[in-house]
Student: 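Mind having a look at this structure? Questions to follow.
We count ligands from 1, going down the list as the structure has it; atoms in each ligand are counted the same way. Atoms considered below: every heavy atom in the structure, side chains included; atoms not considered: hydrogens, waters and symmetry mates. In this chain, residues are counted from 1 in sequence order.
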Amino acid sequence: MQVLTGKSILNGIAIGPVRIYRRARQEISAVSALTKEQEWNRFDTAQSKAQEQLAALYEKALAEVGEDNAAIFEVHQMMLEDEEYTDAIHDIIERQGATAEYAVSMTGENFAAMFAAMEDAYMQARAADVKDISQRIVDILSGQGDRGTLGEEPVILAADDLTPSETVQLDKSKLLGFITRHGSSNSHTAILARTMNIPALIGVDFDESWDGKTAVLDGYNHCVYLEPNSEFLATMEEKRNNDRKQAALLQGLKKKPNVTLDGREINVFANIGNAGDVGLVLQNDAGGIGLFRSEFIYLDAKDYPTEEEQFSIYKQVAETMAGKKVIIRTLDIGADKQAGYFGLDQEENPALGYRAIRICLTRREIFKQQLRAILRASAYGTVSVMFPMIISVREVRDAKEVLEECRSELIAEGAAVGEVEVGIMVETPAAVMMADELAEEVEFFSIGTNDLTQYTLAIDRQNPKLDAFYDPHHPAVLKMIRQTIEAGHRHGCWVGICGELGADLTLTETFLRMGVDELSVSPLTVLPLRKRIRSLDLSKEL
Ligand code: PEP
Ligand code: MG
């Protein structure tokens with residue numbers, strides 16, 4: 001039995017076969033050792049295989065997400081047959097004696113650059129599509145098969161690293177857990193793993209020979225065991241079953257209030273990334289959704305989700321929550337959350353870059369599409385809107401102005417629109433310093449401790465080398481939280497915490513004593529947090 005250690009991002013045990021996630025691109029050699037005709041035939045065969053894959057993907061998407069969402073695969077099929085595209089590939093093979101991989105890859109890059117330079121937003125978005133189909137053919141040519149599909153049997157996925165968009169696209173029903181060589185425990189991929197309740201380890205130096213072998217991922221002990229003997233396997237299976245029993249015991253706390261022994265009651269809400277997480281929210285009896293990271297809808301799409309697509313998702317969530325609060329955070333894209341079709345530039349300092357509200361206030365057509373969808377969904381439940389990465393009063397006023405513009409337009413169109421509570425994320429030191437002024441503008445604050453820690457301590461939350469320095473318990477961070485709660489209350493705002501620190505049971509008492517009104521955590525943490533709150537007595541002196 002081989003044992004490797006890593007860093008756990010979710011306590012839990014996963015047992016099953018390892019599957020290596022093959023994203024790493026092979027080196028593409030430019031010059032072919034084959035004849036031009038042989039290279040062209042290779043392309044021809046790969047093109048047919050890609051057509052078959054896309055046809056199958058279209059059928060799957062049609063059944064799972066409907067015709068509108070499936071249409072992208074039809075677009076890809078058409079692009080694949082486009083005469084200009086195939087002529088360009090042919091030309092590179094003919095003139096340069098290139099490999100089919102090289103010819104496809106160069107053509108993909110050239111066409112993507114051409115699309116990206118066009119004025120029309122629709123055509124710009126095609127840049128990502130042409131790259132995608134080209135990569136699909138290169139994968140087939142280099143024997144890498146289907147990307148991202150996990151096969152029939154549930155697996156522990158082993159990857160160099162996973163981006164948030166790759167993670168959201170994985171088939172959760174086939175994912176027992178994952179291990180990655182790189183990554184940081186504060187990244188959005190880690191947050192997703194926690195939301196989806198998937199045991200995961202980062203910093204594990206596995207090798208290719210692990211593919212297909214049985215492993216035990218032990219998130220409690222930060223270890224992964226390869227080919228365990230039957231005795232060890234039985235012990236770990238028992239531990240995993242105990243976990244399940246503990247989770248079942250916590251179910252006894254369902255429908256109980258989040259109230260301390262001395263009678264202080266607060267809201268415990270849940271964080272979600274898509275409509276599929278709402279089942280977990282209800283199963284774990286969260287009082288509402290304190291953070292709907294709407295950008296995951298964008299990351300899971302191949303093109304800008306339309307107003308209609310977004311409306312149907314938000315409406316579904318609002319209706320399913322049946323009147324409980326649903327706080328939709330507007331698009332927080334950028335930094336580690338990248339969707340190719342946005343065409344965002346590579347930046348020197350992406351965490352300090354063009355992201356979130358900065359994109360929304362400068363690309364208003366995208367922002368308006370989302371706000372209109374949220375406003376329309378508000379007619380079907382209790383919906384709040386929350387703006388991320390705020391640093392100034394000006395931004396809040398501008399964002400509210402766009403919201404009001406959308407409301408007036410919808411009313412003029414005769415659409416049903418409900419009341420929408422407006423709040424902001426407090427996740428920059430600037431927002432903390434301006435909390436009194438900002439509180440005059442909104443009805444609630446939700447403290448994003450993940451970014452607040454990053455920006456207060458000047459520590460990149462994505463950098464695994466800094467994990468040991470990233471200390472959300474730092475007195476500076478705790479002082480910022482206290483100041484925000486106090487400033488919010490001075491102006492009649494309720495104040496919650498939706499960053500990962502809200503789930504830290506060692507700080508629950510501190511937050512309650514500070515006067516926090518709401519904690520929003522991953523769905524699986526709702527009941528352990530309720531248990532913790534119900535054990536506290538705030539009347540006792542510390
Ligand atoms: C935060 O920054 O704490 C937060 C909740 O937002 P995200 O983790 O998505 O940046
Ligand atoms: Mg944040």
Student: Could you check whether the rings of F444 and W494 sit parallel, tilted or perpendicular, using 30° and 60° as the cut-offs?
Tutor: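 Parallel.
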
Student: Around ligand 1, what residues show up once you keep those with a heavy atom under 4.0 Å from it?
Tutor: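 Around ligand 1, where the cutoff is 4.0 Å for heavy atoms, the contacting residues are H188, I191, L291, R293, R329, D332, K337, M425, E427, G448, T449, N450, D451, R461, C498, G499.
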
Student: If I only include protein atoms of type N, O or S, how many are less than 2.8 Å from the Mg ion (ligand 2)?
Tutor: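 Under the 2.8 Å cut-off, the count stands at 2.
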
Student: Is there a donor-acceptor contact under 3.5 Å linking the side chains of D517 and H489?
Tutor: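 Judged by distance alone, the side chains do pair up.
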
Student: Taking S378 for the side chain and V383 for the main chain, is one N or O donor matched with an acceptor at less than 3.5 Å?
Tutor: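 Here the side-chain-to-backbone pair does not exist.
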
Student: Which heavy-atom pair separates N284 from L280 by the least distance, and what is that distance?
Tutor: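 Smallest interatomic distance, heavy atoms only, reads ND2-O, 2.8 Å.
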
Student: Do Y314 and Y380 have side-chain heavy atoms sitting under 4.5 Å apart?
Tutor: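 Not in contact.
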
Student: Do the side chains of I357 and I391 get nearer than 4.5 Å, heavy atoms only?
Tutor: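 Counting from C-beta outward, I391 and I357 never come under 4.5 Å.
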
Student: Would you please say whether a donor-acceptor pair under 3.5 Å links the side chains of Y354 and T362?
Tutor: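 Checked: Y354/T362 side chains pair up, N/O donor to acceptor below 3.5 Å.
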
Student: Heavy atoms, side chains only, cut-off 4.5 Å: are M425 and I390 in contact?
Tutor: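 No. Closest side-chain heavy atoms not under 4.5 Å.
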
Student: Before accepting this row, confirm whether a basic side-chain N of the pair R407/E404 lies closer than 4.0 Å to the acidic partner's carboxylate O.
Tutor: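 A salt bridge is present here (some side-chain N lies under 4.0 Å from a carboxylate O).
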
